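Structure record follows, encoded as structure tokens.
As the structure lists them, so they are numbered: ligands from 1, and atoms in each ligand from 1. No experiment lies behind these values; they were computed from the predicted model shown. In what follows, every heavy atom counts, from backbone to side chain, and hydrogens, waters and symmetry copies are set aside. Start at 1 with the first residue, then count along the sequence.
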Amino acid sequence: MTTVTQDNTAETPPLPALEGGRYAFFFDVDGTLAELIPEPDDVTIPSHVLDNMQTLSTACEGAVALVSGRSIEQLDQLASPLSLPMAGVHGAEMRDAQGHLQRTTLPAEIATPLLAMLEKEMSAMPGTLLEAKGMAFALHYRQAMAYQHQVLALAESAIAQFPQLTLQPGKCVVEIKPLGADKGAAIKTFMQQSPFIGRTPVFIGDDLTDEKGFQAVNAMQGISVKVGVGKSHARYRLKQVADVYTWLDEILSLLKQNIEQSTKQNTVGKGSRL
Ligand SMILES: O=P(O)(O)OC[C@H]1O[C@H](O[C@H]2O[C@H](CO)[C@@H](O)[C@H](O)[C@H]2O)[C@H](O)[C@@H](O)[C@@H]1O
């Protein structure tokens, strides 16, 4: 597998036209479908974007999934009223298209002392935020940048005590998560299941946590898209979240054209799928 990372932000190569293929779409959430903001709980996805996701999902026979660091519970709230297949907590939680849920758990003898330790240490750093997700923990410092190094050191000392855990750095956050849970593994799992199987994967994300997903998609000859600047394994770029929304609009207008053409040719439905 090629592991070259590049920063081709300046070029923003045009995304390939999604014509004449059967695609499976995987979307990261924060920084991709939703703007980054100071408070994780205040994030929303605009309703027109959710409408577009629903249309896309119908056109792809359900092959549209969210792949996020957030928990599935949070993702369901963000995506409501949609009910999509999802990988939450970087793949430590997976819900397939049939609604079956799989979740990695942390034994209480790890989770309990770890949570107590993180709560104690983070409360001594005003402005930092601890997000406990059961089997993973996000240590946020977006609103307390002065504590960045201390927060990273705390996360490192935590995983040194528990070899079952690993670190996942992100934007103004470092996460402690179970070893083996990553977005690449999550996408590979989805791609072996209906309705994703046999389709070309398209994954769009913005952060370090998305890199394994880009690599997995590249290895499947798929389309990997990074939102924003910085080195990445992704082969394509979009500059910002607003461009993701525009791209979705474009995909759907292409879809509409296909339907109209099919209708004219009296073959309704033939071109109505991606
Ligand atoms: O994989 P993602 O869907 O991108 O989720 C990654 C993490 O996103 C959230 O944190 C990030 O977004 C927050 C809201 O914009 C921002 O305040 C924070 O600085 C970012 O790191 C979320 O809170 C985490 O649980 C996710 O793992």
* Asked: Is a side-chain N or O of T128 found less than 3.5 angstrom from the main chain of M122, in a donor-acceptor match?
  -> yes
* Quick one: which ligand 1 atoms are inside 4.0 Å of a heavy atom on G69? -> 1 (O), 2 (P), 3 (O), 5 (O), 26 (C), 27 (O)
* To do: Nearest heavy atom to atom 20 (C) of ligand 1 wins, so pick from K171, E175, E35, Q168.
  => K171
* To do: Supply the atom-to-atom distance H140 NE2 to L130 CG, rounded to the nearest 0.5 angstrom.
  => 8.5 Å
* Determine whether more than 12 heavy atoms belonging to other residues, nucleotides or ligands lie under 6.0 Å from atom NZ of K212. => no
* Structure fact -> V43 heavy atoms within 4.0 Å reach ligand 1 at atoms 14 (C), 15 (O)
* May I ask you to list the atoms of ligand 1 that are less than 4.0 angstrom from any heavy atom of V173? => 21 (O)
* Can you find an N or O of S68 that's nearer than 3.5 Å to an N or O of ligand 1? -> yes
* Structure fact -> Counting from 1 in the order shown, the ligand 1 atoms closer than 4.0 Å to a non-hydrogen atom of K183 are 1 (O), 2 (P)
* Heavy-atom nearest neighbour in the protein, as seen from atom 19 (O) of ligand 1, with distance rounded to 0.1 Å -> R142 NE, 2.6 Å
* What atoms in ligand 1 come closer than 4.0 Å to a heavy atom of E131? -> 22 (C), 23 (O), 24 (C), 25 (O)
* Asked: Looking only at protein heavy atoms, which one is nearest to atom 10 (O) of ligand 1, and how far off is it?
  -> H140 CE1, 3.4 Å
* Asked: Pick from K183, K177, H90: which one makes a side-chain hydrogen bond (donor to acceptor under 3.5 Å, both in side chains) with Q168?
  -> K177
* To do: Verify, without hydrogens or angle tests, whether R70 (side chain) and P40 (backbone) share a donor-acceptor contact under 3.5 angstrom.
  => yes
* Check for a donor-acceptor pair, side chain of K188 on one end and backbone N or O of Q192 on the other, with a separation under 3.5 Å. => no
* To do: From the options I37, D210, V29, select the one whose nearest heavy atom is closest to atom 13 (C) of ligand 1.
  => I37
* Around atom CD of Q102, are there more than 12 heavy atoms of other residues, nucleotides or ligands at under 6.0 Å? -> no
* **Pair listing, ring pair (Phe, Tyr, Trp, His ring centres under 6.0 Å) test, anchored in residues 91-120, at least two apart** => none
* Identify the closest protein heavy atom to atom 12 (O) of ligand 1: which residue and atom is it, and at what distance? -> D30 OD1, 3.4 Å
* Would you mind checking which non-hydrogen protein atom is closest to atom 2 (P) of ligand 1, with the distance to 0.1 Å? => D28 OD1, 2.8 Å
* Asked: Quick one: does P38 get within less than 4.0 Å of ligand 1, heavy atoms only?
  -> yes
* Check ligand 1 against K133 and write out every atom of the ligand that is under 4.0 Å from a heavy-atom position of the residue. => 24 (C), 25 (O), 26 (C), 27 (O)
* For F214, check ring pair (Phe, Tyr, Trp, His ring centres under 6.0 Å) against everything at least two apart and list the hits. => F203
